[in-house]
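Shown next, in structure tokens, is the structure this report addresses.
On a predicted model such as this, the values are computed, not experimentally measured, just so you know. The analysis underlying the following values was restricted to heavy atoms, covering all of them including side chains, and did not include hydrogens, waters or symmetry mates.
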Amino acid sequence: MTKETLIAFSSEDKKVSVDEPFNAPGHRNRIVFDALRHAASKKIFGLAYEKNDTLYLDLKCAPARIDELVNTMPYILPGQHFTKQNWITLDISQVPSKEVLRKLVDASYQLTD
């Protein structure tokens with residue numbers, strides 16, 4: 001999956017805007033972060049990026065679920081760019097199915113509504 005495909009998949013059936021709020025022009029040769037936001041409220045529910053040729057997606061998560069998910073799902077890491085108490089990071093290449101990805105994206109979208 002490419003970053004563009006991930007963004008399109010994560011935006012299906014949602015009112016989403018995408019921007020690059022953390023990408024200063026002088027740092028374009030570094031990691032480029034695409035923020036997926038609710039179109040109306042502008043709240044970020046996902047942050048897509050590539051690092052060392054691996055595609056990642058940071059998602060909002062219910063704090064009570066984070067430890068369980070991180071400890072039992074090898075493709076879920078503690079949040080890499082936002083507070084680890086409220087966010088998780090997915091290694092997209094390791095997510096077992098689109099259904100699993102869809103559930104996690106939808107949960108993040110609902111939590112930031």
Side-chain angles (χ1 to χ4, degrees):
M1 183 177 285
T2 66
K3 183 165 59 164
E4 292 76 20
T5 305
L6 174 62
I7 291 169
F9 178 83
S10 300
S11 301
E12 286 177 8
D13 302 321
K14 298 172 185 66
K15 294 181 180 177
V16 176
S17 65
V18 179
D19 61 15
E20 298 178 356
F22 310 114
N23 303 311
H27 296 95
R28 293 300 298 185
N29 61 339
R30 299 185 182 155
I31 297 172
V32 175
F33 297 95
D34 287 285
L36 288 78
R37 298 177 183 265
H38 288 265
S41 71
K42 302 298 182 199
K43 290 182 182 177
I44 295 174
F45 72 91
L47 190 67
Y49 59 96
E50 293 175 285
K51 182 178 178 184
N52 299 326
D53 296 323
T54 302
L55 182 59
Y56 294 98
L57 181 63
D58 291 353
L59 295 172
K60 184 92 171 188
C61 186
R65 297 200 60 217
I66 291 177
D67 286 341
E68 174 192 350
L69 292 173
V70 168
N71 291 327
T72 61
M73 307 296 177
Y75 54 90
I76 298 180
L77 309 167
Q80 301 296 298
H81 296 96
F82 296 115
T83 173
K84 291 170 180 46
Q85 291 81 18
N86 295 299
W87 292 81
I88 55 175
T89 296
L90 306 180
D91 176 344
I92 298 302
S93 68
Q94 301 297 314
V95 176
S97 68
K98 286 188 175 183
E99 292 78 23
V100 169
L101 179 58
R102 168 77 58 220
K103 287 180 184 179
L104 292 166
V105 168
D106 288 351
S108 179
Y109 187 79
Q110 291 172 1
L111 284 169
T112 55
D113 191 14

Q | Nearest heavy-atom neighbours spanning Leu77 and Val70 | A |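 Heavy atoms of Leu77 and Val70 come nearest at C-CG2, 3.8 Å.
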
Q | Closest contact, heavy atoms only, Pro78 versus Thr89 | A |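 Taking every non-hydrogen atom into account, O-OG1, 3.6 Å.
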
Q | Value rounded to 0.5 Å, distance of OH in Tyr75 from CG in Asp91 | A |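 One gets 11.0 Å once the value is rounded to the nearest 0.5 Å.
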
Are side-chain heavy atoms of [X] and [Y] found at a separation under 4.5 Å?
{"X": "Leu55", "Y": "Thr2", "result": "no"}
{"X": "Leu57", "Y": "Val95", "result": "no"}
{"X": "Leu47", "Y": "Asp34", "result": "no"}
{"X": "Asn86", "Y": "Leu111", "result": "no"}

(Q) With salt bridge (charged side-chain N to carboxylate O under 4.0 Å, His left out) as the rule and sequence neighbours excluded, what pairs involving residues 35-63 come up? (A)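 Every salt bridge (charged side-chain N to carboxylate O under 4.0 Å, His left out) pair that includes a residue of residues 35-63, provided the two are not neighbours, is Asp19-Arg37.
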
Q. According to the interplanar angle, ranging from 0 to 90°, do the rings of Tyr56 and Tyr49 count as parallel (below 30°), tilted (30 to 60°) or perpendicular (above 60°)?
A.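 Because their plane-to-plane angle is under 30°, the rings of Tyr56 and Tyr49 count as parallel.
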
Would you kindly confirm whether [X] and [Y] end up in one hydrophobic cluster when ILVMFWY residues are joined by side chain heavy atoms under 4.5 Å apart?
{"X": "Leu36", "Y": "Val32", "value": "no"}
{"X": "Ile88", "Y": "Phe33", "value": "no"}
{"X": "Leu104", "Y": "Ile44", "value": "no"}
{"X": "Ile76", "Y": "Ile66", "value": "yes"}

(Q) Quick test of your reading: applying ring-ring contact (aromatic ring centres under 6.0 Å, His included), list the pairs with at least one residue in residues 86-113, sequence neighbours left out, ordered by first then second residue. (A)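 Residue pairs with at least one partner in residues 86-113: His38-Tyr109, Phe45-Tyr109, Phe82-Trp87.
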
Excluding sequence neighbours, so at least two apart, what forms side chain to side chain donor-acceptor pair (under 3.5 Å) with [X]?
{"X": "Glu68", "value": "none"}
{"X": "Thr54", "value": "none"}
{"X": "Lys103", "value": "none"}

For residues 9-17, run the donor-acceptor check on the side chains, cut-off 3.5 Å, and write out each pair with its distance to 0.1 Å, sequence neighbours left out.
from	atom 1	to	atom 2	distance (Å)
Ser10	OG	Leu6	O	2.9
Ser11	OG	Ile7	O	2.7
Glu12	OE1	Arg102	NH2	2.7
Lys14	NZ	Glu12	O	3.4
Lys14	NZ	Asp106	OD1	2.7

